[in-house]
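Worksheet: the structure to be examined is printed underneath.
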Amino acid sequence: MNCKKIQKIIMTDYIDSEASQELKKRISQHLENCPSCAEFERLVRKQAVEPLKGVSLLKPSESVWQTIRQRIEASQPEVESFVFRPRRSQRLFFGLSRPVFALVSALVLLVIISPSLISFTRRKKLDNYLKEQVVFYSYLDNGSDNGIENGLVDFGTLVEEYFL
Amino acid sequence: MLDISKDILIKAAEGDINAFEQLYRQSSGFVYNVAYRIVNRRQAAEDVTQEVFLKIYKSLKHFRFASSFKTWVYRITVNTAINSYRKYSKPLNSPESFNDSFKGHRHSELSDDPAAKQARGQLVEWLLSNLPLKQRVCLVLREIQGLNYKEIAQTLKININTVRSRLKRAREALIVQGQKEVVKNEL
């Protein structure tokens, strides 16, 4: 290994203790026998390594944490309720929380059964209306207010007479 | 060295502000130091520190422990500091020459009093400020933070030989700068 290559390794792996044991041994032996490389190693340590060693570790001021905390709290919603911020364990059904899923299911059921509810209500209204009409016409016809017998509508005459 | 327990990380990821404060207390020192050595200004370094921890708070729930937490935080810190430096960099007020700083340093390596520490700090600032950004970042992570080549490569997402190359150039620049100042002084 020539001096140029040795000096390159001195500036990196050797100085930074990244060299393998074998390489380190070879370089150390070379430095014992080569004054130029030995001087170079001394220069690298003095001008490029030692000035940066032992520098004080700085700390940020307490106001840094206060500002971070304020910004975190300001970014969170005011009311942290079960519905708004469900924990991971509560998001079970299709990514929705349990209460939200229950509400959505109830709405879906309501939409499904509401047509039948509506038609039942309408039928009842229609029946009531028809009964009222029958009563009214019976009254007009024969003064009777009960035109329904046995569930059948009685016009009080035979069919033939009715049409003649 | 940064060594935060997984429990604290999990609680902080769930939004526990007290756990996040513990995380902050244990890691703000090294975040601030890296930021300061890159941007070279106290206020800018504090702004970078704030931004780094807000990013950590938002992203912690996505951290999958695939890489080490330390490497992840270093990466966010370096990237944020570099962005800040590029946005706000202007020539620094560094009236002291290298030689004056270096003289102060030779004196200061014998003592640990506040004045000596300050002199050493000024020398470090002066030395780093004259380096290109990429070399400065590598040198800071190696010399001041004590990361090995593999850790630096993972943090910066570069090849390990690129780490060697940048450190070599940074040290060459420091030696050349030192020699120039010595010659200037002699003249």
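Given the structure is predicted, the values throughout are model-derived calculations rather than measurements. The sequence lines fix the lettering, A, B, ..., with proteins before strands; numbering per chain opens at 1.
- Applying the 6.0 Å contact sphere to CZ of B/Arg42 captures more than 12 heavy atoms from other residues, nucleotides or ligands.
- Interatomic distance, B/Phe20 CZ to A/Ile68 CD1, rounded to the nearest 0.5 Å: 6.5 Å.
- Annotation: the span from B/Arg171 atom CZ to A/Leu52 atom CG amounts to 8.5 Å, rounded to 0.5 Å.
- Annotation: the span from B/Phe53 atom CZ to A/Arg69 atom CZ amounts to 14.5 Å, rounded to 0.5 Å.
- Taking 4.0 Å as the cut-off between side-chain N and carboxylate O, B/Arg25 and A/Glu62 count as a salt-bridged pair.
- Within the 4.5 Å cutoff, the side chain of A/Val64 has heavy atoms near those of the B/Tyr24 side chain.
- More than 12 non-hydrogen atoms from other residues, nucleotides or ligands lie less than 6.0 angstrom from NZ of B/Lys55.
- In this structure, B/Ile152 is a member of the same hydrophobic cluster as B/Val137, with clusters built from ILVMFWY side-chain heavy atoms closer than 4.5 Å.
- Hydrophobic clustering (ILVMFWY, side-chain heavy atoms < 4.5 Å, transitive): B/Leu9 and B/Trp72 are in one cluster.
- The two atoms that bring B/Tyr149 and A/Asp13 nearest to each other are OH-N, 3.4 Å, heavy atoms only.
- Residues of residues 14-39 of chain A having a heavy atom under 4.5 Å from any heavy atom of chain B, listed by number: A/Ile15, A/Asp16, A/Glu18.
- One distance of note links CD1 of B/Ile175 with NZ of A/Lys46; it measures 11.0 Å at 0.5 Å rounding.
- For residues 4-11 of chain A, heavy-atom neighbours of chain B at less than 4.5 Å comprise A/Lys8, A/Met11, sorted by residue number.
- B/Ile56 and B/Val34 end up in the same hydrophobic cluster when Ile, Leu, Val, Met, Phe, Trp and Tyr side chains are linked at under 4.5 Å.
- Taking B/Asp7 as the reference, B/Ser5 meet the side chain to side chain contact (heavy atoms under 4.5 Å, CB included) condition, with sequence neighbours excluded.
- The candidate with the highest count of non-hydrogen atom pairs below 4.5 Å against chain B, out of A/Thr12, A/Leu58, A/Val49, is A/Leu58.
- By the rule that hydrophobic residues join a cluster once side-chain heavy atoms approach within less than 4.5 Å of another member, B/Leu131 and B/Tyr36 end up as members of separate clusters.
- Residues B/Leu127 and A/Pro51 approach most closely at CD1-CB, 3.5 Å, considering heavy atoms.
- No path of Ile, Leu, Val, Met, Phe, Trp and Tyr side chains, each step under 4.5 Å between heavy atoms, connects A/Trp65 with B/Tyr32, placing them in separate hydrophobic clusters.
- Of residues 43-52 of chain B, those residues lying under 4.5 Å from chain A by any heavy-atom pair are B/Glu46, B/Thr49, B/Gln50.
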